[in-house]
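Below, chain A is the first sequence line, B the second, and so on; all start at residue 1.
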There are 2 protein chains.
Amino acid sequence: MSEAASARKPARERILDTAAELFYREGIRAVGIDTIIAKSGVAKMSLYRNFTSKDDLVCAYLERSIAQHGAWWDRVVARHPGDPRAQMKALFVALAHWIDHPKFQGCPFTSAAAELRDPDNPARALALAHKRMVRDRLHRLAVAAGADDPDRLCAQLQLLMEGAYAAGRALDLGPGNDAVASAAAILIDAACGQARP
Amino acid sequence: MSEAASARKPARERILDTAAELFYREGIRAVGIDTIIAKSGVAKMSLYRNFTSKDDLVCAYLERSIAQHGAWWDRVVARHPGDPRAQMKALFVALAHWIDHPKFQGCPFTSAAAELRDPDNPARALALAHKRMVRDRLHRLAVAAGADDPDRLCAQLQLLMEGAYAAGRALDLGPGNDAVASAAAILIDAACGQARP
DNA sequence: GCGATGGTAGAGACAGGTCTGTATCATTGT
DNA sequence: ACAATGATACAGACCTGTCTCTACCATCGC
């Protein structure tokens with residue numbers, strides 16, 4: 001009856017896998033502890049022995065997502081070594097693909113921050129810190145690409161990135177939509193000058 | 001004890017005012033019926049006599065917000081009659097101002113859709129229908145402004161709009177930030193050609 | 001070999017709180 | 001007197017987190 005392959009992973013991993021999928025797909029507040037333990041086939045006490053609270057589990061989910069997002073970013077920029085302008089554009093092309101994925105449900109960090117509005121919530125702090133990290137990474141790329149005003153390009157691109165996440169979930173941009181990548185290319189070229197094609 | 005001025009409006013309006021403020025500021029799921037009746041100084045049964053359920057109250061909140069947003073849009077475009085390109089740019093300038101407002105908490109419709117993920121939820125349907133309406137309005141402006149590819153410009157601008165809402169809440173773009181308006185201007189000019197300054 | 005031991009995990013009851021929605025009764029303004 | 005409203009208690013559901021009891025399974029002493 002149990003899911004053959006994953007049934008023999010340690011309980012902690014099964015819990016985190018299940019929680020990540022449910023939190024992302026249905027929302028953090030909408031998913032209760034009981035649902036997670038039922039779906040992961042784990043005892044309630046196994047959950048509370050591995051995580052001190054639901055908040056703690058949410059933080060673990062976000063931390064893992066941050067690591068995965070960082071790895072994704074690194075993979076994309078590694079395809080254009082030494083070419084920051086191409087790296088920026090490639091990030092938006094990859095983002096456009098991700099948005100088209102059937103399991104796409106928006107940015108998990110934006111969603112978490114939207115659901116958990118208490119300024120003291122540690123999960124919220126994690127999500128916002130990640131946004132700042134993305135901002136810093138974009139800023140370094142903008143500087144390296146020789147943008148006239150790196151602050152402005154960085155802000156514009158992060159706007160576009162957030163917009164792609166939000167629009168990909170709420171609207172349906174339709175498959176093959178090139179608005180994300182084309183808008184990014186226009187903004188990047190406008191900020192860096194048309195020098196060297 | 002009660003808030004002098006608003007205390008003498010009919011119960012239904014006081015409920016809706018309070019609910020709108022709380023739903024927007026703290027989130028729909030985070031605000032319970034008891035909080036709304038306590039803050040609006042109304043009896044629970046007065047709420048349930050005016051609204052059949054919390055869902056019904058949420059729908060009323062969103063419908064009123066949709067009407068207010070439509071009025072805001074009309075006011076902005078009315079300042080540039082017969083000039084769709086200026087109308088589009090003015091919308092983003094106005095949006096940038098709104099984002100800087102201390103009470104700004106993101107797009108209420110995006111937030112509602114993020115919190116209420118059940119596809120059958122009527123409030124979710126209202127929020128998504130509103131996004132489609134905005135898309136249609138933008139599309140008409142893009143056509144009127146003579147964009148080469150109105151579909152693409154419309155999609156790009158709605159991406160930017162969603163991004164401005166999301167980024168204005170999660171990130172702090174800082175006051176006087178011109179990323180929203182400048183990005184919109186670049187995209188609009190790129191799509192409509194530089195003809196007639 | 002082989003039984004004892006200890007760590008890990010499943011199952012489920014339970015406590016205490018919050019939430020929505022209903023019912024009842026008192027109050028107030030006209 | 002009457003309709004609208006305030007106050008309050010309550011039912012039923014759900015949620016988090018604790019507790020107990022049992023089963024399994026490895027390792028270790030012998």
Side-chain angles (χ1 to χ4, degrees), chain A residues 1-20 22-23 25-62 112 115-118 120-124, chain B residues 1-20 22-23 25-62 112 115-118 120-124:
Chain A
M1 193 71 73
S2 49
E3 309 88 288
S6 70
R8 280 312 89 201
K9 285 160 82 172
R12 183 187 166 90
E13 280 185 51
R14 270 183 292 160
I15 294 167
L16 200 44
D17 288 347
T18 306
L22 292 177
F23 283 159
R25 196 177 65 215
E26 307 188 9
I28 292 171
R29 296 187 71 118
V31 175
I33 291 292
D34 287 345
T35 307
I36 295 171
I37 64 168
K39 202 134 188 173
S40 57
V42 128
K44 202 176 235 188
M45 274 316 290
S46 298
L47 191 154
Y48 280 103
R49 269 190 292 262
N50 283 285
F51 305 94
T52 66
S53 64
K54 183 184 177 183
D55 267 5
D56 188 36
L57 175 59
V58 174
C59 285
Y61 150 61
L62 289 180
E115 287 197 271
L116 312 171
R117 304 214 193 166
D118 175 5
D120 297 335
N121 189 303
R124 179 184 178 83
Chain B
M1 194 72 72
S2 50
E3 308 88 291
S6 69
R8 279 314 88 202
K9 287 159 83 173
R12 182 186 167 91
E13 280 184 50
R14 268 182 294 160
I15 295 167
L16 199 46
D17 287 347
T18 305
L22 291 177
F23 283 159
R25 195 176 67 215
E26 307 190 8
I28 292 171
R29 297 188 69 119
V31 175
I33 291 292
D34 287 345
T35 307
I36 295 171
I37 64 168
K39 201 135 188 172
S40 58
V42 129
K44 201 176 235 189
M45 275 315 289
S46 297
L47 190 155
Y48 279 103
R49 269 188 291 261
N50 282 284
F51 304 95
T52 66
S53 65
K54 184 184 177 181
D55 267 5
D56 187 36
L57 175 58
V58 174
C59 285
Y61 151 61
L62 288 180
E115 287 197 271
L116 312 170
R117 305 214 193 166
D118 175 6
D120 298 335
N121 188 302
R124 179 183 177 83

Qualifying residue, where the test is side chain to side chain contact (heavy atoms under 4.5 Å, CB included) with A:Y48 and the options are A:L57, A:I33, A:I37: A:I33
Walk along nucleotides 11-30 of chain C from 5' to 3' and tag each nucleotide B, S or - by protein heavy-atom contact under 4.0 Å, base first, then sugar-phosphate. B--------BBBBB------
Using whole Å, what does the distance between atom P of nucleotide D:dG17 and atom CG of A:N50 come to? 15 Å
Would you give the length of the straight line joining atom CD1 of A:I36 to atom OG1 of A:T18, rounded to the nearest 0.5 angstrom? 8.0 Å
Can you work out whether B:A11 or B:I37 has the more 5'-proximal nearest nucleotide on DNA chain D? B:A11
Donor-acceptor under 3.5 Å (A:R117 side chain, B:R25 main chain): yes
Are any side-chain N or O atoms of A:E115 and backbone N or O atoms of A:I28, one a donor and one an acceptor, separated by less than 3.5 Å? yes
Drop me the distance from A:L116's CG to A:L62's CG, to the nearest 0.5 angstrom. 8.0 Å
For atom CG of A:L47 and atom P of D:dT16, their distance in whole Å: 10 Å
